[in-house]
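Notes follow once the structure below has been shown.
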2 protein chains.
Amino acid sequence: MAEDDRRTIPEATVARLPIYLRTLADLAASDTATISSERLAELAGVNAAKVRKDLSHLGSYGTRGVGYDVEYLVYQMSRELGLTHDWPVVIAGAGNLGQALANYAGFGNRGFPVVAMVDTDRSKVGSRINGVPVRHLDELEDIVAEHGDIIAVLATPAGAAQDVADRMISAGVTSVLNFAPAVLNVPDHVWLRKVDLAVELQILSFYRQRHADATATATASAGNGEPAATGTG
Amino acid sequence: MAEDDRRTIPEATVARLPIYLRTLADLAASDTATISSERLAELAGVNAAKVRKDLSHLGSYGTRGVGYDVEYLVYQMSRELGLTHDWPVVIAGAGNLGQALANYAGFGNRGFPVVAMVDTDRSKVGSRINGVPVRHLDELEDIVAEHGDIIAVLATPAGAAQDVADRMISAGVTSVLNFAPAVLNVPDHVWLRKVDLAVELQILSFYRQRHADATATATASAGNGEPAATGTG
DNA sequence: CCGGGATCGTTCACGTGTTCACAAAGTCGC
DNA sequence: GCGACTTTGTGAACACGTGAACGATCCCGG
């Protein structure tokens with residue numbers, strides 16, 4: 001493996017690393033010392049060759065004939081994913097979704113403490129949700145200044161998302177996770193990921209609809225209602 | 001375009017159709033009659049050629065020199081996505097996330113009525129959340145029988161997700177949207193998509209971490225902190 | 001010290017998705 | 001009607017991700 005490859009991990013691999021990490025953490029908790037690519041692939045729901053190729057991007061941490069050392073792999077992977085220290089998170093929008101995210105254990109527990117929520121609704125500002133203070137959107141610059149490099153989670157209505165994102169970014173935010181059902185335009189230096197519930201449901205709806213069509217029209221012909229799609233790379 | 005192509009829409013295209021549809025619906029609401037692929041691409045945040053190729057999978061609904069008829073495209077796309085009728089949804093898990101999803105307007109409003117939530121916590125069973133009745137998991141078979149083909153949304157703890165999924169599937173469910181932070185194994189005839197908050201944050205963390213590394217080590221060299229990644233295909 | 005068995009790391013071929021580029025096909029002004 | 005202009009639809013080149021295959025490497029028992 002060339003020295004350069006270690007610094008250019010394919011996007012598809014990056015998206016799978018957290019899954020591997022979670023699986024490996026479970027294994028470590030159950031006192032499993034080593035694991036083969038085949039078993040890890042099974043647990044992570046992917047192909048064994050893919051596991052080996054993915055892990056090879058991190059370096060040669062496996063031992064032929066034995067497998068991978070779970071503890072060491074967890075350590076290296078955590079380091080690579082930047083999980084050795086906390087990343088503060090600010091949630092924009094204290095509505096249903098925002099509150100649920102603030103309460104979500106998986107957030108704060110594992111390295112992503114929610115340091116504040118911001119909203120424009122003055123009746124919410126000043127309260128606390130799961131211990132997280134709700135502050136006014138206008139205080140955003142202060143919050144970023146307090147915590148430095150921060151991750152923005154957008155849980156606002158669609159109409160407000162772009163405006164809030166713009167303010168986040170001009171305040172210095174470079175990582176945005178968008179839950180609002182809207183397409184966001186961000187500058188090149190900002191990393192954006194999006195989670196869209198409606199889109200996911202509609203994708204499911206498409207395949208179901210097509211399956212219904214296929215079985216309806218092809219009652220006697222060779223109906224090929226190909227199923228089994230895994231989602232959200 | 002061969003007759004066959006209309007029935008084999010690439011997965012990547014399917015994932016973008018809902019975005020186009022939402023954009024087009026907004027345009028229709030603002031009395032825009034026709035739109036070019038270039039403008040639609042701009043609004044949807046993608047490449048113009050990609051828009052044309054994606055839309056060509058639905059058929060030749062554009063007019064050269066003019067663009068696409070917005071209304072007609074909305075109609076065809078809704079039909080293709082199976083949005084001409086409702087798809088009932090059952091949410092498993094009445095915790096923070098499940099409740100937020102039940103309250104989420106984008107769900108029930110646009111063709112995905114939440115007909116029930118299921119949980120094993122007897123203190124929750126019998127109550128209503130945003131008008132949605134919370135029933136016991138054991139009633140799952142009844143619920144599926146009542147509403148026929150149903151979409152399952154899993155908002156349970158990770159440990160319970162596989163069990164609940166198994167029960168859903170044996171009750172007849174063929175579409176599953178998984179919010180639980182766990183890898184699910186489902187039979188081939190079931191469509192599965194997943195949304196994982198922790199994974200998304202960790203992906204953001206990776207790119208931020210790498211960026212920090214790059215700028216730290218390459219203060220004087222040609223620091224190439226390549227940003228701008230769009231998420232969740 | 002050596003052979004057998006297991007498993008990694010990598011190469012290669014293939015399929016899928018993206019982007020460019022351009023002919024085909026339409027509109028509009030005159 | 002006709003030419004200029006606009007925009008679609010698609011062919012082709014390219015980039016990327018996947019999965020199978022296999023040599024390389026390591027442990028273990030004797």
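Since this is a predicted model, take the numbers as computed values, not measurements. Naming: A, B, ... by sequence-line order, numbering from 1 per chain.
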Spell out, as yes or no, whether a donor-acceptor pair under 3.5 Å connects the side chain of Ser205(A) to the backbone of Leu81(B).
yes
Has the side chain of Asp86(B) got a donor or acceptor atom that lies under 3.5 Å from a matching backbone atom of Pro88(B)?
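Flag not set: sc Asp86(B) to bb Pro88(B) has no pair under 3.5 Å.
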Measuring from the side chain of Pro10(A) (C-beta onward, heavy atoms only), which nucleotide among dA21(C), dG17(D), dT8(D) has the closest atom?
dG17(D)
What integer distance in Å separates [X]:[atom1] from [N]:[atom2]?
X        : N       : atom1 : atom2 : result
Asp54(A) : dG19(D) : CG    : P     : 11 Å
Asp69(B) : dG26(C) : CG    : P     : 16 Å
Glu38(B) : dC20(C) : CD    : C1'   : 14 Å
Arg52(B) : dG26(C) : CZ    : P     : 16 Å
His57(A) : dC16(D) : NE2   : C1'   : 11 Å

With hydrogens left out and only the distance checked, is there a donor-acceptor pair under 3.5 Å joining Arg64(A)'s side chain and the base of dC26(D)?
no
Kindly indicate whether the side chain of Lys53(B) and the base of dT19(C) share any N or O donor-acceptor pair separated by less than 3.5 Å?
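Between dT19(C) and Lys53(B), which were checked side chain against base, a qualifying N/O pair under 3.5 Å is present.
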Establish, with yes or no, whether the OP1 or OP2 oxygen of [N] is under 4.0 angstrom from a side-chain nitrogen or oxygen of [X].
X        : N       : value
Ser37(B) : dT8(D)  : yes
Tyr68(B) : dG26(C) : no
Asn47(B) : dC20(C) : yes

Aromatic ring centroids of Trp87(B) and His85(B) under 6.0 Å?
yes
Mind checking Arg16(A) for me? I need base, sugar-phosphate or nothing, with any heavy atom below 4.0 Å counting as a touch.
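Touches sugar-phosphate only.
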Within the structure shown, what part of the strands sits under 4.0 Å from Ala12(A) by heavy-atom distance: base, sugar-phosphate, or nothing?
sugar-phosphate
